[in-house]
Amino acid sequence: MTIREVSARAALLAAAVVFGLAGPAVLGAIFGLAAIVNVGELLSRLHTGHDLAGRILFAGVGVLALLLVLGVVLNELPGQLSHTNWTVGWGVLATVVLTATWRLGGAPRPGYRRPPAAALVACGLLALGTVAGLIVAWQGVSRERSTQVLALSAPWHDQRTARVVVQSVGVSGVYQLEVWPDGDQARSVPAGEISLAGHRSPALTRQVRLPGASTHWAIVLSHAGPRRPRAREVILWK
Amino acid sequence: MSITASSVKVSAEARPRAIARPAWLTGVWTVGLAAGIGVVLQAYVGYRGRVAGAPPALLFWLSLGLIYVAGVVTIVWLPLTRGLRVLGIALVSIAMQLTRIVLYPDMFVYHDELVHDRVLKDILVHHHLFTANSTLPVTPHYPGLEVVTSGLVQLTGLSTHTCGSLVLLTTRLVLALGIFLIVERMTSSDRIAAAASLIYIANPQYLFFNSQFSYQTIALPLCVGYVYMIVALSSVRRSIAWPALGVVAIAVAVSHHLTSMGLVVLLLAWLAVSTVSGRRPRYLVSATLLALFCVAGWAVIAGPTLFPYFSEILRHNVKSVQQLISGHSDHKFFKDTAGDRTPVWERYASLASVLLLVALLPWALWTAVRRAWGARQAAALVLCAVTVAYPIIPLGHLTEATSEVADRSSGFIFIGVAFVLAWWVFAHLRPGRLGRLPAIAVLLGSLVLFVGGTIVGSGPPWLRAPGPFLVSSENRSVDPIAVSASRWLGDYQRPDQRIYGDRINALLAALLGNQHPLTSLADGIDNDAASRLLLAPLSPLDYQTVRTDRLNLLVVDTRITQDLPHVGVYTDTGEYGTVNRTRPPDPQAVTKFDHVRGAERLYDNGAIRIYALRRIG
């Protein structure tokens with residue numbers, strides 16, 4: 001390797017560490033991936049044969065194994081598998097690999113020729129299919145995520161009040177919150193109205209007063225209107 | 001004997017004469033085109049499954065078959081250069097993995113994937129390894145896949161699912177190239193190597209289980225890579241070869257218990273045979289010792305969780321075999337426990353693939369053994385020995401428990417099967433000189449192997465693609481309703497509370513809700529008693545179970561009253577009412593805690609209710 005090549009690779013690794021620690025997320029991702037590919041390429045030079053397949057295999061196995069062993073080693077250090085340790089650890093490891101390859105005179109061997117046009121076309125077609133496939137797949141996922149969900153919950157309460165949360169996806173309309181003390185089916189205490197917008201709404205939180213003389217309460221979310229059918233219900237005990 | 005040598009007369013130079021074919025079929029780009037179309041069609045299958053509620057089964061198989069057949073025709077049949085053949089294999093392998101990603105592009109949904117995703121989450125949240133995982137206690141002790149993925153997450157800032165998918169794609173590439181290069185070294189033919197790589201894709205676990213975000217998915221490619229490295233590093237000096245082998249040996253040992261142990265057995269066999277034959281690869285002894293040391297050392301570290309796990313599997317398998325022998329097995333072929341039947345054509349296809357292999361393998365094996373023996377090829381002999389284990393795969397399907405073990409062994413066994421079969425078929429057949437009829441027969445045979453083999457290992461049809469909710473059914477039980485309930489646990493409940501629920505909701509509670517699902521394996525609970533909380537009418541035992549198990553939360557998916565479980569159980573092995581179950585639990589039994597003093601229903605989304613039971617009794 002020439003000094004120029006070593007310098008360029010070292011600069012890439014340094015950029016990966018710097019952007020990984022403190023840079024914008026996009027640059028961190030780009031330089032992080034580039035640094036991993038860079039190490040993979042250096043490791044591929046261990047393969048003494050002349051074919052690209054063997055070298056890609058060495059690069060793949062090498063990167064997977066090095067990341068894995070680095071993780072196991074970092075686990076024993078202070079800070080363990082924190083972001084800083086990973087970034088700095090990978091920077092150090094990559095520098096060691098770069099230095100070793102440089103010192104051992106590792107150089108790219110034949111096999112780095114420009115690939116034939118058919119190969120580029122084949123890869124391009126698969127890439128195109130993948131992008132189109134992901135677009136179709138995400139359409140399906142977003143349709144599925146718009147499945148109607150209406151949830152009522154009471155994550156906290158004491159003997160006087162309860163915090164009630166209403167979460168909804170794809171549900172619209174006006175709903176009524178009521179408190180039914182002691183399972184009494186005859187009398188309820190209104191606790192306010194909830195209006196749902198239809199799409200994925202943020203969780204709505206309400207403080208609900210609990211009638212003090214009861215041992216338990218049912219908090220009910222009903223459709224607003226004369227018949228008020230019960231939609232969701234939580235049960236709390238004193 | 002080194003696996004580099006070969007006395008086989010088939011060589012890369014022995015190109016067949018060009019056969020008459022359409023001009024458009026002459027390049028590797030046809031593989032790229034077929035792979036691209038196949039991926040789009042699989043995405044459409046997933047889309048239809050989500051939107052219309054019925055993934056089109058014919059399109060599912062057609063799209064996969066298109067990728068596979070294009071690979072066979074182009075890579076094996078046509079006179080390509082070696083480089084293009086390698087590229088073709090890589091494209092087919094990656095496309096097969098991409099078909100999995102486009103079916104579930106946003107999250108991992110299969111049982112084992114949910115377990116490993118939780119291990120990954122623990123590493124990312126707590127910044128250390130070995131956080132206990134109650135759903136499968138052994139997994140945090142073999143965290144190879146999760147460590148690599150978490151490293152990628154930390155180094156790139158990409159999402160866990162994206163990084164997991166990138167790692168899986170890399171492992172697929174490594175596995176494909178590894179098998180190709182190993183077989184090529186043994187046969188000196190890139191055509192036979194390509195054929196072996198394609199036959200390997202027909203193994204029952206390739207498309208489904210071994211493509212999942214699960215520990216064996218990374219371990220097997222690392223093993224194959226390790227074996228190739230032993231040979232490929234022969235000309236490298238010791239100071240470089242030993243560290244390189246050592247790093248990969250550690251990686252294998254940390255990744256998966258059974259695969260790493262399988263590697264050690266394989267290396268010991270290779271070492272023994274090559275010592276007898278007198279031609280041993282330079283680093284085989286050191287590589288075997290390294291692997292043995294790393295695998296044994298790591299097994300000692302993981303021992304407290306490893307041996308209960310193995311003994312549980314063993315106990316379950318022995319019990320299934322005993323039931324089979326005594327005629328009390330309730331295992332049904334081509335039918336899941338909820339009564340869903342495999343379509344008739346799929347049954348015939350899977351049987352045809354098994355019969356085809358049973359018919360061909362003895363001849364292929366006999367030929368391979370004679371050749372390998374004559375050429376003193378130790379590695380080839382070891383692969384022949386591995387092939388002999390093939391009957392384990394179909395015979396294992398005689399019981400439910402053994403079918404799981406048998407299918408999982410296919411990832412290993414098929415390396416031998418693929419090598420032996422490809423060596424036999426393509427050393428005899430010169431594709432360019434074949435008549436039309438034999439050519440069609442070979443093509444159809446490979447298609448039957450692929451489709452039938454995939455059906456054998458992929459389980460019931462509902463397991464293959466997204467679709468409407470099904471009771472206790474892995475991917476089809478993970479729907480927006482279950483996900484929203486689990487996310488609520490994560491958002492509104494303190495973490496690591498002791499929780500009990502059905503199979504998938506318990507896993508989702510662990511992954512998305514940060515809770516601690518109780519299991520007999522990790523917490524020593526009596527699952528018969530615990531499952532009564534969900535499945536049986538109220539009894540005094542329920543109060544005792546809540547107290548004994550120190551249960552805080554109970555997730556009740558009321559939809560379990562709609563159907564029998566599709567995977568045999570609603571919760572876990574040993575649950576209440578498993579024997580001769582003919583109908584789902586009573587709705588009143590499932591919702592009984594609505595009427596129990598002190599039992600608080602904290603969450604209700606219509607289908608799923610979450611109860612706090614800490615104050616009952």
Side-chain angles (χ1 to χ4, degrees), chain A residues 20 25 28-29 32-33 36 46-49 52-54 56-57 60-61 64-69 71-72 75 80-83 86-87 90 118-119 121-123 125-126 128-130 132-134 136-141 143-145 147 149-155 232-237, chain B residues 27-29 31-33 35-37 39-40 43-44 46-47 50-51 84 86-87 91 95 98 102 105-106 123 127-129 144 147-148 151 154-158 170 173-174 177-178 181 222 225 228 232 235-236 244 247-248 250-251 254 480-481 484 488 492 598 600-605 615:
Chain A
L33 280 173
I36 291 169
L46 274 174
H47 193 270
T48 51
L52 198 56
I56 293 174
L57 177 77
V61 172
L64 291 174
L66 272 189
L67 274 171
L68 206 160
V69 173
V72 173
N75 191 56
Q80 296 184 301
L81 297 169
S82 63
H83 174 66
W86 264 114
T87 310
W90 184 251
V121 171
C123 292
L125 286 169
L126 178 57
L128 208 62
T130 305
L134 283 173
V136 172
W138 273 103
Q139 290 290 323
V141 169
R143 288 279 292 275
E144 188 183 51
R145 283 183 180 175
T147 303
V149 179
L150 175 61
L152 175 70
S153 62
R232 303 288 182 261
E233 179 177 341
V234 293
I235 301 167
L236 304 174
W237 285 80
Chain B
V28 76
W29 66 269
V31 179
L33 181 64
I37 292 172
V39 171
V40 175
Y44 183 69
Y47 175 83
R50 286 192 162 89
V51 174
L84 289 181
V86 171
L87 176 71
L91 287 175
L98 286 169
V102 295
D106 60 334
I123 293 172
H127 296 153
H128 63 76
L129 304 179
V147 170
V148 174
Q154 298 284 15
L155 293 174
T156 64
L158 297 171
T170 308
L173 184 61
V174 165
L177 294 179
L181 290 167
L222 285 173
Y228 179 70
S235 56
V236 172
V247 166
V248 181
I250 294 170
V254 176
I481 291 171
S484 69
W488 178 84
Y492 293 101
E600 296 188 309
R601 194 207 286 183
L602 297 182
Y603 177 90
D604 175 15
N605 71 12
R615 292 166 62 195

**Study point:** Over all atoms of both residues, closest heavy-atom pair of B:W29 and A:A122
**Key:** CA-CB, 3.7 Å

Revision key, fill the gap. Heaviest contributor of heavy-atom pairs below 4.5 Å to chain B, chosen from A:A132, A:A119, A:C123, is A:A119

Point to revise | Per-residue contact mode, A:V149 against chain B (heavy atom under 4.5 angstrom) | key: side chain

Practice item. Please flag which part of A:L128 lies under 4.5 Å from any non-hydrogen atom of chain B: side chain, backbone, both or neither. Key: neither

Point to revise | Atom of A:G129, atom of B:V40 and distance for their closest heavy-atom approach | key: O-CG2, 3.3 Å

Review point. Any sub-3.5 Å donor-acceptor pair from B:H127's side-chain atoms to A:Q80's backbone N or O?
Key: no

Point to revise | Side chain, backbone, both or neither of B:L129 within contact of chain A (heavy atoms, under 4.5 Å) | key: both

Practice item. Select one option (side chain, backbone, both, neither) describing which atoms of B:A35 are under 4.5 Å from chain A's heavy atoms. Key: both

Study note, to complete from the structure: Looking only at B:G151, B:G225, B:A95, most heavy-atom pairs under 4.5 Å shared with chain A are made by B:G151

Study note, to complete from the structure: So, the part of B:L158 with a heavy atom under 4.5 Å from chain A: the answer is side chain

Exercise for review: Go through B:V102, B:I481, B:I250, B:L84 and name the one with the most non-hydrogen pairs under 4.5 angstrom from chain A.
Suggested key: B:V102

**Study point:** Main-chain N/O of A:R232 paired with B:D604 side-chain donor or acceptor, under 3.5 Å
**Key:** no

Study note, to complete from the structure: So, the part of A:R143 with a heavy atom under 4.5 Å from chain B: the answer is side chain

Review point. Should B:V254 and A:L68 count as side-chain neighbours, where that means a heavy-atom distance under 4.5 Å?
Key: yes

Check your understanding: If you measure from OG on B:S235 to NE2 on A:H47, what distance do you get to the nearest 0.5 Å?
Key -> 9.0 Å

Review point. Short question: side chain of B:E600, backbone of A:W237 - any donor-acceptor pair under 3.5 Å?
Key: yes

Review point. Tell me, side chain or backbone of B:L181 under 4.5 Å from chain A's heavy atoms, or both, or neither?
Key: side chain

Practice item. Go through B:V236, B:L91, B:I37, B:L222 and name the one with the most non-hydrogen pairs under 4.5 angstrom from chain A. Key: B:L91

Exercise for review: For chain A, find which of B:P105, B:G178, B:G157 contributes the most heavy-atom pairs closer than 4.5 angstrom.
Suggested key: B:P105

Exercise for review: Identify the two heavy atoms, one from B:L98 and one from A:L126, that lie closest to each other, and give their separation to 0.1 Å.
Suggested key: CD1-CD1, 4.1 Å

Exercise for review: Select one option (side chain, backbone, both, neither) describing which atoms of B:V31 are under 4.5 Å from chain A's heavy atoms.
Suggested key: neither

**Study point:** Residue selection (most heavy-atom pairs with chain A, distance under 4.5 Å) from B:V247, B:V248, B:V39
**Key:** B:V247

Exercise for review: Please examine the side chains of A:E144 and B:P480, heavy atoms only from C-beta on, and report whether any two atoms are closer than 4.5 Å.
Suggested key: yes

Study note, to complete from the structure: Applying a strict 4.5 Å limit to non-hydrogen atoms, the region of B:L173 in contact with chain A is side chain

Point to revise | Shortest non-hydrogen contact between B:A251 and A:V69, atoms and distance | key: N-CG2, 4.4 Å

Exercise for review: Taking the side chain as every heavy atom from C-beta outward, state whether A:N75 and B:I123 have any atom pair closer than 4.5 Å.
Suggested key: no

Point to revise | Between A:L134, A:V234, A:L67, the one whose heavy-atom pairs under 4.5 Å with chain B are most numerous | key: A:V234

Point to revise | Option in A:A137, A:A25, A:G32 with maximal non-hydrogen atom pairs under 4.5 Å from chain B | key: A:A137

Review point. Most heavy-atom pairs under 4.5 angstrom with chain B, which of A:T147, A:L64, A:T87, A:L66?
Key: A:L64

**Study point:** chain B contacts, top residue of A:V72, A:V121, A:T130, A:L152 (heavy-atom pairs, under 4.5 Å)
**Key:** A:L152

**Study point:** Nearest heavy-atom neighbours spanning A:S153 and B:W488
**Key:** OG-NE1, 2.7 Å

